[in-house]
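Structure record follows, encoded as structure tokens.
Whatever order the structure lists them in is the order used to number ligands and atoms, beginning at 1.
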Amino acid sequence: MGFSIDLLPAKADNYIYLVSDVALGLAMVVDPSDANIVEEALYKKDLQLALILNTHHHSDHIAGNNKLQRDYGAPIIGPAKEKTMIENLSRGVEDGDVITFSDLRGHVIETPGHTSGSISYYFPDIKALFCGDTLFSLGCGRVFEGTAAQLWYSLLKLRALPDDTQIYAGHEYTAHNMPFALMLDSENAVLRDRANEVLRLREKGLPTLPVSLAKEKATNPFLRVDEPAFQKILAGAGLPTDADAAALFGALRMAKDRFKG
Ligand code: ZN
Ligand code: FE
């Protein structure tokens with residue numbers, strides 16, 4: 001199978017992901033915040049757009065939908081629960097639904113918390129997870145519509161995917177997230193390596209994504225609140241010691257919101 005995934009930087013720090021079947025000359029786009037950027041990439045690579053995917057209704061993930069649909073006639077797939085908030089949605093999908101692009105199958109995972117209808121798409125054949133603003137490298141989305149507990153259970157679903165899953169998140173936030181992660185866990189050798197890698201990449205203006213789930217499980221504080229050893233570290237940073245994982249996650253999310261790195 002000849003598939004490629006391009007990261008198209010858009011707006012201040014968004015990524016639009018373009019997945020293409022090179023042999024067929026077909027592409028699928030995830031969270032097109034800007035139609036012109038997508039059309040330029042399609043033109044350069046001589047691709048037809050076959051499908052538009054949205055992870056959630058925020059405008060920095062859907063703003064290019066209508067123009068792309070008009071110009072290419074591509075259907076728009078997005079969360080059924082956000083049907084009223086995404087114009088011209090062709091198909092609303094729910095947890096467990098499977099979508100297809102070329103001979104790829106994408107599994108829909110409901111991951112509420114950032115918005116109450118947020119979904120992620122997992123494509124096992126190319127080991128790719130498109131998770132919008134639910135999971136970032138070294139961080140996670142802000143809780144805008146759902147609850148912190150909801151977001152925690154959503155992250156648990158993503159954490160259960162295979163370790164070699166590549167995470168394609170909606171924003172380049174890694175360098176922003178890094179000081180908080182390092183403040184908590186400066187002795188973590190995997191995190192220190194990742195921090196050096198992130199600095200090197202950002203100096204060259206290169207993306208820090210995708211990143212493997214294995215690396216995130218070892219470095220992302222928001223994926224680790226149920227680890228006893230990490231709970232000791234959190235207690236040392238003044239977080240509650242008697243809370244269950246979901247409550248501890250909520251406290252950590254609040255601490256991050258207050259943190260001035
Ligand atoms: Zn968002
Ligand atoms: Fe966003």
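Between the Fe ion (ligand 2) and the N, O or S atoms of Asp133, the shortest distance is to OD2. Take the N/O/S atoms of Asp60: the one nearest the Fe ion (ligand 2) is OD2.
Rounded to the nearest 10 degrees, the angle NE2 (His114) to the Zn ion (ligand 1) to OD2 (Asp133) equals 90°.
For the residue pair Asn54 / His61, no side-chain donor-acceptor distance below 3.5 Å is found, with atom types taken as modelled. Using modelled atom types, one finds a donor on one side chain and an acceptor on the other under 3.5 Å when comparing Ser120 with Thr111. Side-chain contact annotation: Glu172 with Tyr15, donor-acceptor N/O pair under 3.5 Å present.
Taking 2.8 Å as the criterion, His61 counts as a coordinating residue of the Fe ion (ligand 2), since one of its N, O or S atoms falls below it. For Asp31, every N, O or S atom stays at 2.8 Å or more from the Fe ion (ligand 2). Between the Fe ion (ligand 2) and His56 there is no N/O/S contact shorter than 2.8 Å. For a distance bound of 2.8 Å, the N, O or S atoms of His58 include one lying that close to the Zn ion (ligand 1).
Asn65 places no side-chain N or O within donor-acceptor distance of the main-chain N or O of Leu89, the cut-off being under 3.5 Å.
Here His176 and His171 keep their ring centres 6.0 angstrom or further from each other.
Between Ser137 and Arg194 the shortest side-chain heavy-atom distance falls below 4.5 Å.
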